[in-house]
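The figures here come from the full heavy-atom set of this structure, side chains too, leaving out hydrogens, waters and symmetry mates. To find a chain, count down the sequence lines: A is the first, B the second, and so on, and within it residues start at 1.
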Amino acid sequence: MSQITTIDQVGAYVGQMVTIRGWLYNKRSSGKIRFLLIRDGTGIIQSVVVKSEAAPEAFNATEILTQESSLEISGTVRADARAPGGYELQVSDLRAIQIAEDYPISPKEHGVSFLLDHRHLWLRSSKQHAVLRIRSYVIQAAQTYLNRKGFVLFDAPILTPAACEGTSTLFETDYFYGEKAYLSQSGQLYAEAGAMAFGKVYTLGPTFRAEKSKTRRHLAEFWMLEPEMAFAELEDILSLAEDLVTHLVQSVLTDRSEELKVLERDLTKLQSVVPPFPRITYDQALDLLKEKGISHPWGDDFGANEDAIISEQFDRPVIITHYPLETKAFYMKSDPQKPDLALCVDVLASEGYGEIIGGSQREDDYDTLLQRLVQHNLPRESFEWYLDLRRYGSVPHSGFGLGIERTVAWICGINHLREAIPFPRLLQRMYP
RNA sequence: UCCCCGGUAGCUCAGCUGGUAGAGCGGGUGGCUGUUAACCACUUAGUCGGCGGUUCGAGUCCGUCCCGGGGAGCCA
């Protein structure tokens, strides 16, 4: 048996014999010469089986190989411009491990519903593969970035006793002894406790929303990255958000160019994602909408349409701050200059991808926070621990949440969040 | 919860004003020594989402339910 390697490494073995273990992606036959496209998770390579050159058993094996059959294949690596990827394998030996039967996903077109029913197999196709590799890389790059800045990974619980924000609908489940538990919609409140302990923390994990959202921008289960910093004001997280988003986009551009190519992503759109991002206030956004002929009442949050029109005006993500306080969550701090505004931020991705970041400076005064809890009809008992953070050494602090799937979908240029997570949880769909 | 669109072969779809279902792909068989979603020939393939109604006759019209997709609201 020759040197076992992976497809992404074959360039180092030109002229040598190697063994690849993988699956049959597609095959073409022209009688006595057969072309097998093999994938192994790291890439795809074309293998050429010529009757006069390969072992007879190897040539015969190509006969029975069906799409997605698993196999082990040995041959000489050759550079050839005719092969997709630039290298091909001149096959001398081939062993089928398992013959796949009636693989449902053909290289032709399929509908969304069918593909989602076969998500466990759909993951193998090259576009999905590229998206999920970029997802993996985005999460890794975000963590590397934050770790380097001195942030501590601080995992928040998923089972929580009550609403974090008191706004959205939560998934409810049974806890012990008749108690109820709710799936977390945000790790933020816990991250605030972490910030008071460690200074700078971030949570990273799944969050859950039980709203019956039925759009391409919503998932019932999605991943969120939530940095939280003590001794930080709104301005500090605006810089952090801008810097983090830039870092993610530029890192993918340099380190995941192959995947972006598979996705046929317009790179110029990503290349322009560099500081400074435009920063406008809610009031300025209203003016901007008015210029476009849209009158939006002061006090109302923007809908999908407004977000799209605002972000269209810029070639990079836009930072919107100072929304009306009354529409926002109870923990947001009001602007001392204009108390009816919140010290908060939304970052809208470019190209109409919508909100990828939402954050704020947090209310750090005990009495004000308590008053706001009451205003929002939230049960004080559930938040005693949270109030403690303002009793014992309260400091100005701020943070935001970055939606992983929205960020990945935007970077990849795909039009639905369901492709940005391995197994999406949607309103009508929890299988597979 | 509301609004719009859809459900016909394993997949993607066509099927006009009602007259007993068709193409491409896939599967199968055969051919081809450089294919690129290969190609060529032959072949296989259906409770037309369910139920009820109108009609001599319903994939087609009506009612109703189920399932899916897109959007609104909510938000990452």
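- Only the C1' atoms considered, B:G46 is 14 Å distant from B:G15, to the nearest whole Å.
- At a threshold of 4.0 angstrom between heavy atoms, the contacts of A:Ile105 with the nucleic acid are absent.
- Here B:G34 is the nucleotide among B:C74, B:G34, B:G68 with the atom lying nearest to any side-chain atom of A:Phe35.
- Picking from B:G34, B:A76, B:G71 the nucleotide with the shortest atom distance to the side chain of A:Lys214 gives B:G71.
- The pairing partner recorded for B:C56 is B:G19, the criterion being a Watson-Crick or G-U wobble arrangement whose two distances lie under 3.5 angstrom.
- A:Glu53 comes within contact range of no nucleotide atom at all, as no heavy-atom separation falls under 4.0 Å.
- Set against B:C75, B:G34, B:A37, the side chain of A:Arg28 has B:A37 as its closest nucleotide.
- Closest to the side chain of A:Asp102, out of B:G34, B:G27, B:A76, is B:G27.
- Closest heavy-atom contact between A:Pro206 and A:Ile158: CG-CD1, 3.7 Å.
- Here A:Gln67 lies out of heavy-atom contact (under 4.0 Å) with every strand.
- The base of B:C11 does not come close enough to the side chain of A:Ser106 for any donor and acceptor atom to sit less than 3.5 Å apart.
- Nucleotide B:C39 forms a pair with B:G31, judged by Watson-Crick or G-U wobble geometry with both contacts under 3.5 Å.
- In this structure, A:Thr407 reaches neither bases nor backbone, as no heavy-atom distance under 4.0 Å exists between it and the strands shown.
- A:Ser113 comes within 4.0 angstrom of sugar-phosphate atoms only, judged by non-hydrogen atoms across all strands, and of no base.
- Comparing B:C32, B:C11, B:G73 by their nearest atom to the side chain of A:Ser213 picks out B:G73.
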ring-ring contact (aromatic ring centres under 6.0 Å, His included) between A:Tyr202 and A:Tyr145, intermediate numbers included: CA-CA 11 Å; A:Tyr202 65 97; A:Tyr145 173 90; over 10 Å; no
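- Checked against B:A72, B:G34, B:U12, the side chain of A:Arg82 finds its nearest nucleotide in B:G34.
- A centroid separation of less than 6.0 Å is found between the aromatic rings of A:Tyr282 and A:Phe302.
- B:G6 sits 12 Å from B:C62 when the P atoms are compared, rounded to a whole Å.
- Note on A:Pro104: nothing from the nucleic acid sits closer than 4.0 angstrom, heavy atoms only.
- Shown here, B:U64 forms a base pair with B:G50; the pair counts as Watson-Crick or G-U wobble because both key distances fall under 3.5 Å.
- One finds no side-chain N or O of A:Arg216 lying less than 4.0 angstrom from the OP1 or OP2 phosphate oxygen of B:G69.
- Nearest nucleotide to the A:Gln46 side chain, out of B:U33, B:A76, B:U35: B:U35.
- In this structure, A:Tyr190 has its ring center no closer than 6.0 Å to that of A:Tyr386.
- Across all strands shown, A:Gly303 has heavy atoms under 4.0 Å from sugar-phosphate atoms exclusively, and none from any base.
- Minimum atom distance to the side chain of A:Ile33 is reached by B:U33, of the listed B:C75, B:U33, B:A72.
- Across all strands, A:His118 comes closer than 4.0 Å to no nucleic acid atom at all (heavy-atom distances).
- The cationic atom of A:Arg34 (NZ for Lys, CZ for Arg) lies less than 6.0 Å from the six-membered ring centre of A:Phe59 and within 45° of the ring axis.
- In this structure, B:G73 forms no base pair with any nucleotide, since neither Watson-Crick nor G-U wobble geometry is met with both distances under 3.5 Å.
- The side chain of A:Arg78 lies closest to B:G34, out of B:A37, B:C32, B:G34.
- Across the interface with RNA chain B, nearest-nucleotide mapping of A:Asp301 and A:Glu88 shows A:Glu88 to be the residue nearer the 5′ end.
- In summary, A:Arg362 and A:Glu228 engage in a salt bridge, as defined by a charged side-chain N under 4.0 Å from a carboxylate O.
- As judged by a 4.0 angstrom heavy-atom cut-off over every strand, A:Gly31 is placed among the base-contacting residues.
- For B:C61 and B:C16, the P atoms lie 9 Å apart once the distance is rounded to whole Å.
- No contact: A:Lys51 has no heavy atom under 4.0 Å from any strand.
- Nucleotides B:U35 and B:G71, compared at atom C1', are 44 Å apart to the nearest Å.
- For the C1' atoms, the distance from B:G50 to B:C67 is 10 Å, rounded to whole Å.
- Residue A:Ser52 is in base contact, counting any heavy-atom pair closer than 4.0 Å across all strands shown.
- As judged by a 4.0 angstrom heavy-atom cut-off over every strand, A:Phe222 is placed among the base-contacting residues.
- Within the nucleic acid shown, A:Asp80 comes within 4.0 Å of at least one base atom, counting heavy atoms only.
- For A:Arg418, the listed nucleotide lying nearest its side chain is B:G70; candidates were B:U35, B:G70, B:U1.
- To the nearest angstrom, C1' of B:A37 lies 11 Å from NE2 of A:His110.
- Here A:Arg429 lies in heavy-atom contact (under 4.0 Å) with sugar-phosphate atoms only.
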